[in-house]
Amino acid sequence: MSEPLITRVAPSPTGDPHVGTGYMALFNYCLARTTGGRFILRIEDTDQTRYQEDSERQIMESIRWLGLPYDEGPDVGGPNGPYRQSERTDIYRAHMQTLLDNGNAYRCFCSAERLEEMRHAQRARKMPPGYDGLCRGLLPEAIEAKLAEGVPYVGRLRVPKDRTVTFVDELRGKVEIAGKEIDDQVLMKSDGFPTYHLANVVDDHLMEVNEVVRAEEWITSTPKHVLLYEAFGWKAPRFRHMPLLRNQDKSKISKRKNPTSLLWYRDHGYLPEALVNFLGLMGYTGPDDNEIFDLPQMLADFDTKRMSTSGPVFDIEKLGWLNGEYIRALSEDDLADRILEHYAHRARIGAEPDAARDGPLQRWIFEQGGFGNDQVRAFVRETVPLIQTRIKTLDEYGPLTRCYFIDELGPLDPEELVPKKRDLDATKAALVAARERVEALMIFDTPSIEAALREVGEAIEWKPRELFQAVRVAVTGSAVSPPLFESMALIGRERTLERLAAAGN
RNA sequence: GCCCCUAUCGUCCAGCCUGGUCCAGGACAUCGGCCUUUCAAGCCGAAAACACGGGUUCAAAUCCCGUUGGGGGUACCA
């Protein structure tokens, strides 16, 4: 193949770990792995105003959860650390000085207010906004004076306005932007922290990154980066801009219109391998019509030629289908483990048991002595065959299996209980008959229960489906449930008879 | 506004580079049927798209130009 690619994913710890970060991590990971290169995680925490305490830890955890381990990063180290930009300020300062010295950058003493006014005026005159170059030609004496006065300043890139900057995007081909369209970007803020542009270029170079794979939103600032590489006398990496994930309305994916947190997907019972597969379907195709491929498969036939450029709408419906596919592909033992793990995870993160989502499962498990309890494990394991084709996320397990985990069903809906064309009294009589017959069973297992109920149906001249509906609602509390006879066996003789009696009253 | 990216079913992707095999193929969702103790799952089937206009060519979803649409950028945020 090609040369080993050193790639990186460089999120900012400004909130929940984002699906977009997962998306970029996936492709960076594939590029590095399939070329025998390295994959780096770098934390871009240069904006102290947006920094969020827990974010970095969650980012690292989420990337690992997805199964995309990085070779270098804040918590694993590496030869070119530190991997947290806030710990590299000396490096940026030194590089800023280099640029100041070689004339590719200059000090700008303009205040935020002046810049604000300037932009206002530009907009009013329908001029493209951008720094007007006031400080660009400041004489050395003037600079010394300002410095002596202690006026705060920033470092700006001195963009050559009279030429065109060109770079090749690996996905889109040649991109050209006229120098006059490029703003004299701030590289070093007055607080001593670098902006993205400076830090990014310096770090990518120092960390030996040779292919920058990032989101499309960066494409217009790439010329600034190209100029920076030139200013330092460095070889620029290759650039590959991936399309942006979109909301239904095609705008850049956002929290308001989609769950964007990787944590959300984990907490709601999505399997990491399904999410990775789904992300792998965005702007990428496998070698054939097959859309179900896990990471190892994706790596096995990964080809950058099949990456595309148009922004995919993030369709959570399709993710749900894929998740269901992965759930169904699991062995019953594995699925039982995943379910247990999921509810253990929900307990660990302190999620309040949610009746609609968790059902009574969490509480029941707790009462039975915790997740490690063998009886609990065995019981959950027994339910798996009944629900495996019926859940799309692990989260759906709780509500679906509610009837197995509680003692009192609560009030039944007569609309559901009574079959069409029959009345309440007849239904109650039928349930009493069913109860009597079932009670007489010597062996309380699935085939016996089924045979017994069919007998009852014939005796009272009800169609099987009518009787089964009434019994289903009486025993499970709902007209929609896992298979009836198996469920009755699982619920057990005692509780089943109680429920039939209660409904028949 | 200006700059950049982009354009095939509602959605995700094939096909486009190397024009004809495309009255456009697969998947999700939708609808219908089968199976069936409900719901699922599974199986079968239906409906559903080349943004528009000019070229080039015997022939264009495929090549060229333009228009329109969508997105992104335009910060001492990343």
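Numbers restart at 1 for each chain; the letters A, B, ... are given by sequence-line order, proteins then strands.
Within 4.0 Å of G283(A), counting heavy atoms only, lie sugar-phosphate atoms of the nucleic acid but no base atom. Residue-level contact check: R328(A) touches the backbone only, with heavy atoms under 4.0 Å from sugar-phosphate atoms and none from bases. If you check every strand for non-hydrogen atoms under 4.0 Å, F193(A) touches nothing. Among the atoms of the strands shown, only primed sugar atoms or phosphate atoms (P, OP1, OP2) are found under 4.0 Å from some heavy atom of L281(A). Across all strands, Q48(A) comes closer than 4.0 Å to no nucleic acid atom at all (heavy-atom distances).
With C1' as the reference atom, U57(B) and U62(B) are 13 Å apart, rounded to whole Å. With both ends at atom C1', the span from C28(B) to C64(B) equals 36 Å, rounded to whole Å. Taking the C1' atom of each, C35(B) and C43(B) are spaced 8 Å apart, rounded to whole Å. Distance noted for atom P between U21(B) and A59(B): 14 Å (whole Å). Here, A78(B) and G73(B) have their P atoms 14 Å apart, quoted to the whole Å. The P atoms of C31(B) and G71(B) are separated by 29 Å, rounded to the nearest whole Å. Rounded to a whole angstrom, the distance from the C1' atom of G33(B) to that of G54(B) is 47 Å. Between the P atoms of G15(B) and G25(B), the separation comes to 15 Å (whole Å).
A donor-acceptor contact shorter than 3.5 Å is absent between the side chain of N247(A) and the backbone of K250(A). Side chain of T222(A) to main chain of W218(A): a donor-acceptor pair is present (N/O by atom type, distance under 3.5 Å, no hydrogens or angles). A distance-only check finds no donor-acceptor pair linking the side chain of S308(A) to the backbone of S310(A) [under 3.5 Å]. A donor-acceptor pair under 3.5 Å links the side-chain atoms of Q388(A) to the main chain of L330(A), judged by distance alone.
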As a quick check of understanding, evaluate side-chain hydrogen bond (donor to acceptor under 3.5 Å, both in side chains) for S331(A) and D333(A), giving each step before the final call. CA-CA 5 Å; S331(A) 73; D333(A) 284 339; 5.4 Å; no

Polar atoms only, N or O, under 3.5 Å: list the protein pairs with nucleotides 76-78 of chain B and their distances.
residue : atom : partner : partner atom : Å
C76(B)  : OP1  : R119(A) : NH2          : 3.4
C76(B)  : O2   : S190(A) : N            : 2.8
C76(B)  : O2   : S190(A) : OG           : 2.8
C76(B)  : N3   : S190(A) : OG           : 3.0
C76(B)  : N4   : C110(A) : O            : 3.3
C77(B)  : OP2  : K189(A) : NZ           : 3.1
C77(B)  : O2'  : D47(A)  : OD2          : 2.8
C77(B)  : O2'  : R50(A)  : NE           : 3.3
C77(B)  : O2'  : R50(A)  : NH2          : 3.1
C77(B)  : O2   : R50(A)  : NH2          : 3.4
A78(B)  : OP1  : T46(A)  : OG1          : 2.8
A78(B)  : OP1  : K189(A) : NZ           : 2.7
A78(B)  : OP2  : Y196(A) : N            : 3.1
A78(B)  : O3'  : S12(A)  : OG           : 2.8
A78(B)  : O3'  : E44(A)  : OE1          : 3.2
A78(B)  : O2'  : S12(A)  : OG           : 2.8

If you restrict it to nitrogen or oxygen atoms, what contacts under 3.5 Å exist between nucleotides 1-11 of chain B and the protein, and what is each distance?
residue : atom : partner : partner atom : Å
C5(B)   : O2'  : R172(A) : NH1          : 2.4
C5(B)   : O2'  : E216(A) : OE2          : 3.0

If a pair means Watson-Crick or G-U wobble with both distances below 3.5 Å, what does RNA chain B look like in dot-bracket form, with | marking bases paired to a different strand? (((((((..((((......[....)))).(((((.......)))))....(((((..]....))))))))))))....

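Considering K421(A), R422(A), R472(A), K420(A) in turn, R422(A) is the only one that fulfils the salt bridge (charged side-chain N to carboxylate O under 4.0 Å, His left out) rule with E466(A).
Here the P atom of nucleotide G72(B) and the CG atom of L244(A) are 7 Å apart, to the nearest Å. In this structure, CG of L157(A) is placed 15 Å from C1' of A75(B), rounded to the nearest angstrom. To the nearest angstrom, C1' of A40(B) lies 16 Å from CH2 of W321(A). Going from atom NZ of K392(A) over to atom C1' of C28(B) covers 11 Å, rounded to whole Å. Distance CG (L335(A)) to C1' (A41(B)): 14 Å, rounded to an integer number of Å. Rounded to whole angstrom, the span from the CG atom of N290(A) across to the P atom of C28(B) amounts to 12 Å. One atom, OH of Y326(A), and another, P of A41(B), lie 18 Å apart when rounded to the nearest Å. Rounded to whole Å, the distance from CG on N277(A) to P on C13(B) is 13 Å.
We find that D45(A) and R84(A) are not joined by a salt bridge, their nearest charged nitrogen and carboxylate oxygen being 4.0 Å or further apart. Under a 4.0 Å N-O distance rule, the pair K318(A)/E291(A) qualifies as a salt bridge. The pair R214(A)-D204(A) fails the salt-bridge criterion, with no side-chain N (NZ, NE, NH1 or NH2) lying under 4.0 Å from an Asp/Glu carboxylate O.
Between K189(A) and D47(A), the shortest heavy-atom distance links the atoms NZ-CA, 3.9 Å. Taking both residues in full, the closest heavy atoms of N200(A) and Q85(A) are given as N-NE2, 4.1 Å, listed atom of the first, atom of the second, then distance. When all heavy atoms are compared, the tightest approach of F405(A) to T401(A) is CD1-O, 3.0 Å. Between Y229(A) and H205(A), the shortest heavy-atom distance links the atoms CE2-CB, 4.4 Å.
Surrounding CD of Q48(A) are more than 12 heavy atoms belonging to other residues, nucleotides or ligands, all under 6.0 Å away.
Here R306(A) does not reach the OP1 or OP2 of C13(B): none of its side-chain N or O atoms lies under 4.0 Å away. Residue R246(A) has no polar side-chain atom (N or O) positioned under 4.0 Å from OP1 or OP2 of G70(B).
Of the candidates U38(B), A41(B), A29(B), A29(B) carries the atom nearest the E317(A) side chain, counting heavy atoms from C-beta on.
The residue among Q469(A) and E291(A) whose nearest nucleotide of RNA chain B is located toward the 5' end is E291(A).
In the interface, the side chain of R472(A) is paired with the base of U37(B) through a donor and an acceptor atom under 3.5 Å apart.
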